[in-house]
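All values reported here derive from a predicted model rather than from experimental measurement. In what follows, chains carry the letters A, B, and so on, assigned in the order in which the sequence lines appear, proteins first and then strands, with residues in each chain numbered from 1.
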2 protein chains.
Amino acid sequence: MVTIETKQHPAWDVYKATCPTRQVLDCIADKWAVLVIGLLNGGTRRFGEMRKSIEGVSQKMLTQTLRSLERDGIVSRRVYASVPPKVEYTLTPLGQSLAGIVESLRVWSESNIEVVLASQQTYDARPEAE
Amino acid sequence: MVTIETKQHPAWDVYKATCPTRQVLDCIADKWAVLVIGLLNGGTRRFGEMRKSIEGVSQKMLTQTLRSLERDGIVSRRVYASVPPKVEYTLTPLGQSLAGIVESLRVWSESNIEVVLASQQTYDARPEAE
DNA sequence: CGGAATCCACACGGATACTG
DNA sequence: CAGTATCCGTGTGGATTCCG
């Protein structure tokens, strides 16, 4: 049984943005997490590899994202006691099931990005837009 | 042809976190957008309804999210010239196709939230965690 | 190599007040 | 009702430095 600490709002009716969804979104609703899951869906990766593969991610954000995903049981972290240090990240079975959704998002994105970009341009070109 | 303005990083190799995905994530990688899409997947909604249905969303964030999704061609906005004003939001066909993914995320969340929460507790209960 | 820790700017987002 | 506009605190995240 999942209990929410915050007081329930009375008007929680029309379409219930269900709590589980909210909680999961609080974990993965940032682009780095999605990209990390997508990357690890291709197999185990080392920290440095991921840093290079995900353009623009800072060391701090990658660490933070990986820690968060590890905490959620989505990613597992394996440290090798070698010199130099070697740390590998892998999707857990739970993470792999989530990766399926990330993968479908990737497919959707590639199929529809041009439509989205076109829509944005049309929107920005409106007379009232400045 | 989609062109990225920012300079391409040379190390863009191992697993390419493809540009379309990145761009789509820049649009929808926040929880309000996902919740809005999920809500509208249940049908057309008015602004006030959505505000009540999505607990904790401020009027500012809801407006901002809806404007963004409208710009992306995911949500359409219909204004009725009535008193009092009435504004309806609906998913476009593009939005509906994306809603399928959101829906599968909702299902995944409800199926796995307990595992995630349990993992979090185990993680936080580690000796080294403070 | 894979971090942790610190500093700090700025953008995000809440609260409030006002409007068509 | 459905916004817009403004103020403003704070959390996010980049840059840098140091460590095991």
To the nearest Å, give me how far apart [atom1] ([X]) and [atom2] ([N]) are.
X       : N     : atom1 : atom2 : value
B:Tyr80 : D:dG3 : OH    : P     : 13 Å
B:Phe47 : D:dG3 : CZ    : P     : 5 Å
B:Arg67 : D:dA2 : CZ    : P     : 12 Å
B:Arg45 : D:dC1 : CZ    : C1'   : 18 Å
B:Glu70 : D:dA2 : CD    : P     : 15 Å
A:Arg77 : C:dG3 : CZ    : C1'   : 8 Å
B:Lys86 : D:dG3 : NZ    : P     : 14 Å
A:Glu88 : C:dC1 : CD    : P     : 15 Å

Decide yes or no for B:Asp30 and B:Val34: does some side-chain heavy atom of the first lie under 4.5 Å from some side-chain heavy atom of the second? no
Does a side-chain heavy-atom distance below 4.5 Å link A:Val87 with A:Arg77? yes
[X] side, atom [atom1]; [Y] side, atom [atom2] - distance, nearest 0.5 Å:
X        : Y        : atom1 : atom2 : answer
B:Ile54  : A:Arg22  : CD1   : CZ    : 7.5 Å
B:Asp72  : A:Ile113 : CG    : CD1   : 8.5 Å
A:Asn112 : B:Leu98  : CG    : CG    : 8.0 Å

Out of B:Thr92, B:Leu69, B:Val75, B:Thr90, which residue meets the side-chain contact (heavy atoms from CB on, under 4.5 Å) rule with B:Leu40? B:Val75
[N] OP1/OP2 closer than 4.0 Å to side-chain N/O of [X]:
X       : N     : result
B:Arg46 : D:dC1 : no
B:Tyr89 : D:dG3 : yes
A:Arg51 : C:dG3 : no

Ignoring hydrogens, what is the shortest heavy-atom contact between B:Gln96 and B:Leu91? Give both atom names and the distance.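 Taking B:Gln96 first and B:Leu91 second, the nearest heavy atoms are NE2-O, 3.5 Å.
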Run A:Arg45 and A:Tyr89 through side chain to side chain donor-acceptor pair (under 3.5 Å) and show every step you take. CA-CA 5 Å; A:Arg45 294 285 186 279; A:Tyr89 292 92; over 6 Å; no
Within 6.0 angstrom of A:Arg67 CZ, more than 12 heavy atoms from elsewhere: yes
When you compare the protein's N or O atoms with those of nucleotides 11-15 of chain C, which come within less than 3.5 Å of each other, and at what distance?
unit_1, atom_1, unit_2, atom_2, d
C:dG13, N7, B:Lys60, NZ, 3.0
C:dG14, OP2, B:Ser58, OG, 2.7
C:dG14, O6, B:Lys60, NZ, 2.4

How bent is the helix from C:dC1-D:dG20 to C:dG20-D:dC1, measuring the angle between the end axes built from five pairs each, rounded to 10°? 50°
